[in-house]
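Just so we're clear, the structure is a prediction, and the values are computed from it rather than from any experiment. Values below: all heavy atoms of this structure, side chains included; hydrogens, waters and symmetry mates excluded. Order of the sequence lines fixes the chain letters, A, B, ..., with proteins taken first and strands second; residue numbering starts at 1 for each chain.
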Amino acid sequence: MDSKLVIYNTLSRRKELFEPINPPLVGLYVCGPTVYSDVHLGNCRTFVSFDLIFRYLLYLGYKVRYVRNITDAGHLEGDRDEGDDKFAKKAKLEQLEPMEIVQKYTLGFHDVLRLFNTLPPSIEPTATGHISEQIEMVKQIIENGYAYEVNGTVYFDVEKYSQTNDYTLLTNRQLEDMLNNTRELGGQDEKKGRLDFALWIKAKPEHIMRWPSPWGIGFPGWHIECSAMSNKYLGNQFDIHGGGMDLAATHHTNEIAQSQACNQTAPAKYWMHTNMLTVNGARMSKSAGNGFLPHELFSGNHPLLNRGYAPMSVRFFMLQAHYRSTLDFSNEALEASDKGYKRLMNAIALLPKLKASNTSEVNIAEIKDRCIQAMDDDFNSPILIAELFEVVRIINSVYDGKTKIDLKGLEQLHLLINDFVYNILGLKEDSAENNGDLEKLMDFLIKLRHEAKIAKDYSTSDLIRNSLQEIGFQLKDSKEGTIWSKS
RNA sequence: GGCCGUGUGACCGAGUGGUUAGGUUGAGGUCUGCAAAACCUUCUACAGCAGUUCGAAUCUGCUCACGGCCUCCA
């Protein structure tokens with residue numbers, strides 16, 4: 001457990017040694033999706049990134065409580081405290097109950113993440129399920145003097161807060177600059193300060209999602225849910241709070257302020273932010289309309305896509321970039337990742353066929369150390385993957401009889417693949433539907449072709465090989481015989 | 001305008017004050033009945049200018065370009 005894991009902390013803007021507050025327990029909170037529409041690929045990247053982080057913490061032996069919320073209420077259109085609730089708006093549009101919207105897109109979200117082979121979080125709380133916790137928190141903040149109520153809406157008093165606290169911890173901005181640069185927005189009259197944000201919002205008569213509160217009928221502000229739920233499940237102080245980079249300046253800044261104002265302590269020790277997925281250099285986003293839906297990517301049914309790509313290839317594509325770098329999407333890049341991923345998995349498939357020698361020319365323990373070093377350095381999956389391609393070369397070389405490995409080395413190899421490829425990177429074979437019948441059938445075809453080759457009947461042997469190629473099975477000849485894989 | 005960040009070879013993408021990232025692609029080779037696969041070898045790099053340094057693509061400054069946040073978004 002005395003790992004050398006180093007994490008980039010947005011608070012300090014540098015990498016810090018990871019020291020959990022109560023080892024071996026680790027509390028991890030990640031801002032989840034707002035479920036009023038389909039998740040797009042950019043959203044998925046964040047959750048895949050935190051899946052990698054979650055998995056590596058587990059590998060290190062930590063007992064991680066991973067909380068990722070579902071935002072299903074209170075998220076305003078345009079942060080004006082008078083906009084429409086996103087769910088209510090969408091519900092009107094689709095003529096559905098708000099909770100039907102929530103249900104539909106929550107299920108869709110889960111389906112997509114399952115395809116990407118992410119582990120489910122330990123707890124997945126919803127905003128609507130924690131209204132009373134949010135109300136209690138707002139009450140406490142008011143009691144502590146950092147919020148005030150106007151006409152049924154409660155605002156957080158940023159000016160008061162910043163007298164004794166640093167409101168701009170995450171962004172390094174000057175409060176005055178923020179004041180000067182905030183645009184003139186509507187609905188400002190009620191607020192004392194223009195940076196003040198709503199904790200609780202009075203519901204207009206047409207509002208569908210509404211709850212009673214000490215301040216009248218209303219609904220919670222966007223930021224308070226995460227503060228309330230992280231506090232409930234992870235305590236006043238926990239280890240890691242994460243989310244997309246776009247959340248740092250506003251959402252997370254306000255979360256810190258709320259938690260601090262309520263509990264007199266900073267909520268999280270490490271703040272981690274994942275970078276954006278871009279398309280042609282521009283951020284993929286819902287409002288920009290340049291987002292892919294995952295099923296479009298899988299099927300290739302999108303104007304920007306040449307073909308479809310399997311979920312695991314896409315996951316691999318994401319893991320080949322570091323989580324704090326932007327990742328630019330293109331067909332070429334995906335194609336490259338797809339081929340690399342298949343090369344990796346094909347090599348792994350050879351593992352059971354490898355034969356041990358009495359001597360070993362490779363040092364698997366050394367490679368494992370480098371893999372750990374890579375992940376210890378702020379979860380550097382691209383370097384880990386580079387190391388794994390070294391392993392690919394070794395496996396292929398051993399299979400070809402050009403390199404020797406002993407029994408112990410083989411065991412280490414199995415373990416390495418199991419730990420780093422399956423458990424940490426979270427990759428798996430896409431074609432899990434392989435069954436014994438297919439295996440027998442392919443063996444039969446390979447035998448037929450082999451006999452044709454012995455008889456020098458190359459037209460028959462090529463017909464078998466090429467026909468299989470056409471329907472997606474590739475035959476590979478080697479001195480050890482012929483094997484096959486799905487192409 | 002403010003804050004934060006980025007600019008690496010055909011493409012994607014790591015890293016580092018002096019040593020090969022890696023994947024994909026191109027070229028050559030080994031193997032093969034021919035291929036494919038695999039393996040070996042190999043080409044085109046660190047936006048520009050100036051400075052620090054024995055040495056910088058890596059540090060500093062400036063310039064240019066791009067992106068994110070400052071309004072909902074992972």
Find the runs of at least 3 consecutive base pairs, i with j, i+1 with j-1 and so on, that include RNA chain B, using Watson-Crick or G-U wobble geometry with both distances under 3.5 Å. B:1-7 with B:64-70, B:10-12 with B:22-24, B:26-30 with B:38-42, B:47-51 with B:59-63
Which residue lies more 5' along RNA chain B, comparing Ala249(A) with Gln469(A) via nearest heavy atoms: Gln469(A)
Starting at the 5' end of RNA chain B and moving along, which residue's nearest nucleotide shows up first, Gly42(A) or Thr278(A)? Thr278(A)
At under 4.0 Å between heavy atoms, what does [X] touch on the DNA or RNA strands: base, sugar-phosphate, or nothing?
X         : result
Asn380(A) : sugar-phosphate
Gly243(A) : sugar-phosphate
Gly242(A) : nothing

Taking only N/O atoms, report every protein-nucleotides 28-32 of chain B pair under 3.5 Å with atom names and distance.
none

So does Thr34(A) get a side-chain nitrogen or oxygen closer than 4.0 Å to the phosphate oxygens (OP1/OP2) of A74(B)? yes
Rounded to the nearest Å, what distance is computed from the [atom1] atom of residue [X] to the [atom2] atom of nucleotide [N]?
X         : N      : atom1 : atom2 : value
Ile464(A) : A36(B) : CD1   : C1'   : 16 Å
Leu384(A) : G13(B) : CG    : C1'   : 14 Å
His223(A) : U71(B) : NE2   : C1'   : 11 Å
Phe473(A) : A37(B) : CZ    : P     : 18 Å
Leu334(A) : C11(B) : CG    : P     : 17 Å
Asn396(A) : A38(B) : CG    : P     : 7 Å
Met245(A) : C3(B)  : CE    : P     : 18 Å
Ile446(A) : A37(B) : CD1   : P     : 17 Å

side-chain hydrogen bond (donor to acceptor under 3.5 Å, both in side chains) between Glu255(A) and Ser259(A), intermediate numbers included: CA-CA 6 Å; Glu255(A) 261 193 79; Ser259(A) 295; 5.7 Å; no
Do other residues, nucleotides or ligands put more than 12 heavy atoms under 6.0 Å from His450(A) NE2? no
Work out how far the [atom1] atom of [N] is from that of [M], and round it to whole angstrom.
N      : M      : atom1 : answer
G29(B) : U20(B) : P     : 26 Å
A14(B) : G23(B) : C1'   : 11 Å
G7(B)  : G15(B) : P     : 10 Å
C11(B) : A50(B) : P     : 26 Å
U41(B) : A35(B) : P     : 22 Å
C12(B) : G61(B) : C1'   : 32 Å

Sorted by number, the residues of residues 323-331 of chain A with heavy-atom contact under 4.0 Å to RNA chain B: Ser325(A), Thr326(A), Leu327(A), Asp328(A)
Ordered by number, residues from residues 366-378 of chain A within less than 4.0 Å of RNA chain B (heavy atoms) are none
Return all side-chain donor-acceptor pairs below 3.5 angstrom for residues 317-329 of chain A, not counting sequence neighbours, or 'none' if the list is empty.
{"from": "Gln320(A)", "atom 1": "OE1", "to": "Ser337(A)", "atom 2": "OG", "distance (Å)": "2.8"}
{"from": "His322(A)", "atom 1": "ND1", "to": "Arg324(A)", "atom 2": "N", "distance (Å)": "3.2"}
{"from": "His322(A)", "atom 1": "NE2", "to": "Asp378(A)", "atom 2": "O", "distance (Å)": "2.8"}
{"from": "Tyr323(A)", "atom 1": "OH", "to": "Asp378(A)", "atom 2": "OD1", "distance (Å)": "2.7"}
{"from": "Tyr323(A)", "atom 1": "OH", "to": "Asp378(A)", "atom 2": "OD2", "distance (Å)": "3.2"}
{"from": "Arg324(A)", "atom 1": "NE", "to": "Asp378(A)", "atom 2": "OD2", "distance (Å)": "2.8"}
{"from": "Arg324(A)", "atom 1": "NH2", "to": "Asp378(A)", "atom 2": "OD2", "distance (Å)": "2.9"}
{"from": "Asp328(A)", "atom 1": "OD1", "to": "Thr278(A)", "atom 2": "OG1", "distance (Å)": "2.6"}
{"from": "Asp328(A)", "atom 1": "OD1", "to": "Asn280(A)", "atom 2": "N", "distance (Å)": "3.4"}
{"from": "Asp328(A)", "atom 1": "OD1", "to": "Gly281(A)", "atom 2": "N", "distance (Å)": "3.0"}

In terms of relative ring orientation, are Tyr56(A) and Phe379(A) parallel, tilted or perpendicular, with 30° and 60° separating the classes? perpendicular
Parallel, tilted or perpendicular for Tyr66(A) and Phe54(A), by the 30°/60° rule? tilted
If you take the centroid of each ring, where Trp contributes its six-membered ring, are His273(A) and His252(A) closer together than 6.0 Å? yes
Compute the centroid of each ring, for Tyr155(A) and then for Phe197(A), and state whether the two points are separated by less than 6.0 Å. no
Between [options], which nucleotide has the shortest distance from any of its atoms to the side chain of [X]?
X         : options                : answer
Leu247(A) : G13(B), A74(B), C39(B) : A74(B)
Asp246(A) : A35(B), A74(B), A38(B) : A74(B)
Gln474(A) : A38(B), C4(B), A36(B)  : A36(B)

Test of understanding: with ring pair (Phe, Tyr, Trp, His ring centres under 6.0 Å), list the residues that count as partners of [X], not counting sequence neighbours.
X         : result
Phe473(A) : Trp484(A)
Tyr29(A)  : His241(A)
Phe116(A) : Phe298(A)
Phe420(A) : Tyr59(A)

Which residue pairs pass the salt bridge (Lys or Arg N to Asp or Glu O under 4.0 Å) test with at least one member in residues 307-323 of chain A, sequence neighbours excluded? Asp51(A)-Arg315(A), Arg307(A)-Glu335(A), Arg307(A)-Asp338(A)
Can you tell me if Tyr458(A) is stacked onto the base of G33(B), using a 5.5 Å centroid cut-off and an angle below 30°? yes
List for me each residue that meets side-chain contact (heavy atoms from CB on, under 4.5 Å) alongside Asp477(A), sequence neighbours excluded, and say none if there are none. Arg449(A), Lys453(A), Thr482(A)
When you compare the side chains of Glu124(A) and Asn69(A), does any donor N or O come within less than 3.5 Å of an acceptor on the partner? no
With a 3.5 Å cut-off and no angle check, do the side chains of Tyr36(A) and Asp72(A) form a donor-acceptor pair? no
Derivation of the side-chain contact (heavy atoms from CB on, under 4.5 Å) call for Tyr233(A) and His130(A): CA-CA 11 Å; Tyr233(A) 297 112; His130(A) 297 76; 2.6 Å; yes
All N/O contacts under 3.5 Å from nucleotides 18-25 of chain B to the protein, with atom names and distances to one decimal?
{"from": "G23(B)", "atom 1": "OP1", "to": "Arg343(A)", "atom 2": "NH2", "distance (Å)": "3.2"}
{"from": "G23(B)", "atom 1": "O2'", "to": "Ala336(A)", "atom 2": "O", "distance (Å)": "3.4"}
{"from": "U24(B)", "atom 1": "OP1", "to": "Arg343(A)", "atom 2": "NE", "distance (Å)": "3.0"}
{"from": "U25(B)", "atom 1": "OP1", "to": "Lys339(A)", "atom 2": "NZ", "distance (Å)": "3.3"}

Taking the side chain from Asn396(A) and the backbone from Val392(A), do they hold a donor-acceptor pair closer than 3.5 Å? yes
How far apart are the closest heavy atoms of Glu361(A) and Lys402(A), and which atoms are they? OE1-O, 4.1 Å
